Protein chains: 2
Amino acid sequence: MTDINLKKQPAAPGSGEVDRRTADAPEDGIPRDLPYDMMELLFFAYRDFTADADELLTEFGFGRAHHRVLHFVDRNPGIMVTDLLSILGITKQSLGRVLKQLVDLDFIEQQPGPIDRRQRLLYTTPKGHDLATRLMAVQTIRLERAFGEIAPEASTLVRQFLFQMINAETRPDVARLINKKYRPVMPAGRF
Amino acid sequence: MTDINLKKQPAAPGSGEVDRRTADAPEDGIPRDLPYDMMELLFFAYRDFTADADELLTEFGFGRAHHRVLHFVDRNPGIMVTDLLSILGITKQSLGRVLKQLVDLDFIEQQPGPIDRRQRLLYTTPKGHDLATRLMAVQTIRLERAFGEIAPEASTLVRQFLFQMINAETRPDVARLINKKYRPVMPAGRF
DNA sequence: AGTTTATGTCAGTCATATTGACTTGTTTCT
DNA sequence: AGAAACAAGTCAATATGACTGACATAAACT
């Protein structure tokens, strides 16, 4: 669907990558020349990207942690706490505080699992879904604007690039996570 | 050189962007469909990207704040504190702590400005330059590996994409900042 | 019955950021 | 020369988001 999985363009050895300042890594593992520009672009781009959402979030007294929780709960209705923890890569205690706030302020609701009653399955309330959508919207606008300025094939390549930047071990999990539209209740695979 | 500035591919209205799930924003400003996959890829990719450096940094008892300071000082030898602050977008107090540590531990040294003696121009020491280089190296490896898996033209498009993601007002500043190789002493423009 | 799992909670800590106010030099402007 | 602006540093107080380790409870699995 989103074809982020394609791999290994033939890529004649020593050919491609003409425009990059950085060549292949030599024996000592330290590349001869370093892509300073790409690094700095990543830094500035990501910072401005997250700033859009941050602005909206502060109106509600929330931070980035709330955003992430809200996002993944909205995207995975009925997700259990454990799975959310493994997606976010944080500890129970860190999640606890922000999740409690989101529940107390009626952005997220918890329902006991119908099969396993130990679980507190998480769902966004209408209010929570609305905020999640608005957060997506402000960030989408920046994304759309950026892609609107460059070649049409860019979005495919950027997707492939981002996917390849993820740790190889977690790529299959991420692929499963993002390549689904909506499933009301999430199966409990290790995220 | 790195041609991130090119703009406005002709892009016949309504044509391009075939593979994106997201269409243009309608009147209410909220896009009809939202690029969840791209958002999540950005999150996971950036997280893993920064994790490489974090690992190295903790060996020295440093955090991400130290990384950023070290990086921009190494890249802009002789930079003054004010310019560093405006690049990083943080306050004097936040910088103060990490900068002091970097100076005390001999990763960065300060020299009074030869013309304006109010300034404390910043330089990395050999030790500091070495760490900065190693940090670049670990992150470069991930970057190279990612680009090695996808089409050769990807790096150009990714650069363009990242550049367009930056706030329009700061793009010229960023372009100046990244498009220079090495100038021993930095002119003091508003970053 | 005993173990594992899902969740929550307590207490303490750390890193990074914030704001506002104030000081000390130094330079620049009138 | 004197005032204003600027570069840098510092103080105190605060907030956020993360961490660790330990412990508690209920439910489920074997």
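Only heavy atoms go into these numbers, but all of them, side chains included; no hydrogens, no water, no symmetry mates. Below, read A as the first sequence line, B as the second, and so on, with proteins coming before strands; counting in each chain starts at 1. This structure is a prediction, so every number in the text was calculated from the model and none was measured.
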Take D116(A) and L95(A), find for each the nucleotide of DNA chain D with the closest heavy atom, and name the residue whose nucleotide sits nearer the 5' end.
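With D116(A) and L95(A) compared, the 5'-side residue is L95(A).
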
Students often mix this up, so state it plainly: with edges at 30° and 60°, are the rings of H71(B) and H67(B) parallel, tilted or perpendicular?
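Geometry flag for H67(B) against H71(B): perpendicular rings.
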
Rounded off to whole Å, could you give me the [atom1]-to-[atom2] distance for the [X] and [N] pair?
X: M80(B); N: dT27(C); atom1: CE; atom2: C1'; value: 12 Å
X: K92(B); N: dT19(C); atom1: NZ; atom2: P; value: 13 Å
X: L84(B); N: dA7(D); atom1: CG; atom2: P; value: 14 Å
X: L99(B); N: dT10(D); atom1: CG; atom2: P; value: 10 Å
X: R120(B); N: dG25(C); atom1: CZ; atom2: C1'; value: 9 Å
X: D54(B); N: dA18(D); atom1: CG; atom2: P; value: 13 Å
X: L85(A); N: dC19(D); atom1: CG; atom2: P; value: 10 Å
X: I90(A); N: dC14(C); atom1: CD1; atom2: C1'; value: 16 Å

On a plain distance test, is the side chain of Q119(B) in donor-acceptor contact with the base of dG25(C) below 3.5 Å?
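Per atom types, no contact qualifies.
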
Under 3.5 Å donor-acceptor pair, Q93(A) side-chain atoms to dG17(D) base atoms:
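There is none.
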
Hey, does the side chain of [X] come within less than 4.0 Å of [N]'s phosphate (OP1/OP2), counting only N and O?
X: T82(B); N: dA8(D); answer: yes
X: R117(A); N: dA27(D); answer: yes
X: S94(A); N: dG17(D); answer: no
X: R64(A); N: dT16(D); answer: no
X: T91(A); N: dA18(D); answer: no

R142(B) to F49(B), cation-pi by 6.0 Å centre distance and 45° axis angle:
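So R142(B) doesn't make the cation-pi contact.
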
Would R176(B) and D173(B) pass as an ion pair if we require N to O under 4.0 Å?
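The answer is yes: the pair qualifies as a salt bridge.
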
Report yes if the distance between the aromatic ring centroids of Y36(A) and F72(B) is under 6.0 Å, otherwise no.
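Not close enough - the centres of the two rings lie 6.0 Å or further apart.
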
Counting distance only, does the side-chain N/O of R47(A) pair as donor-acceptor with the main-chain N or O of L88(B) below 3.5 Å?
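Yes; at least one donor-acceptor contact below 3.5 Å.
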
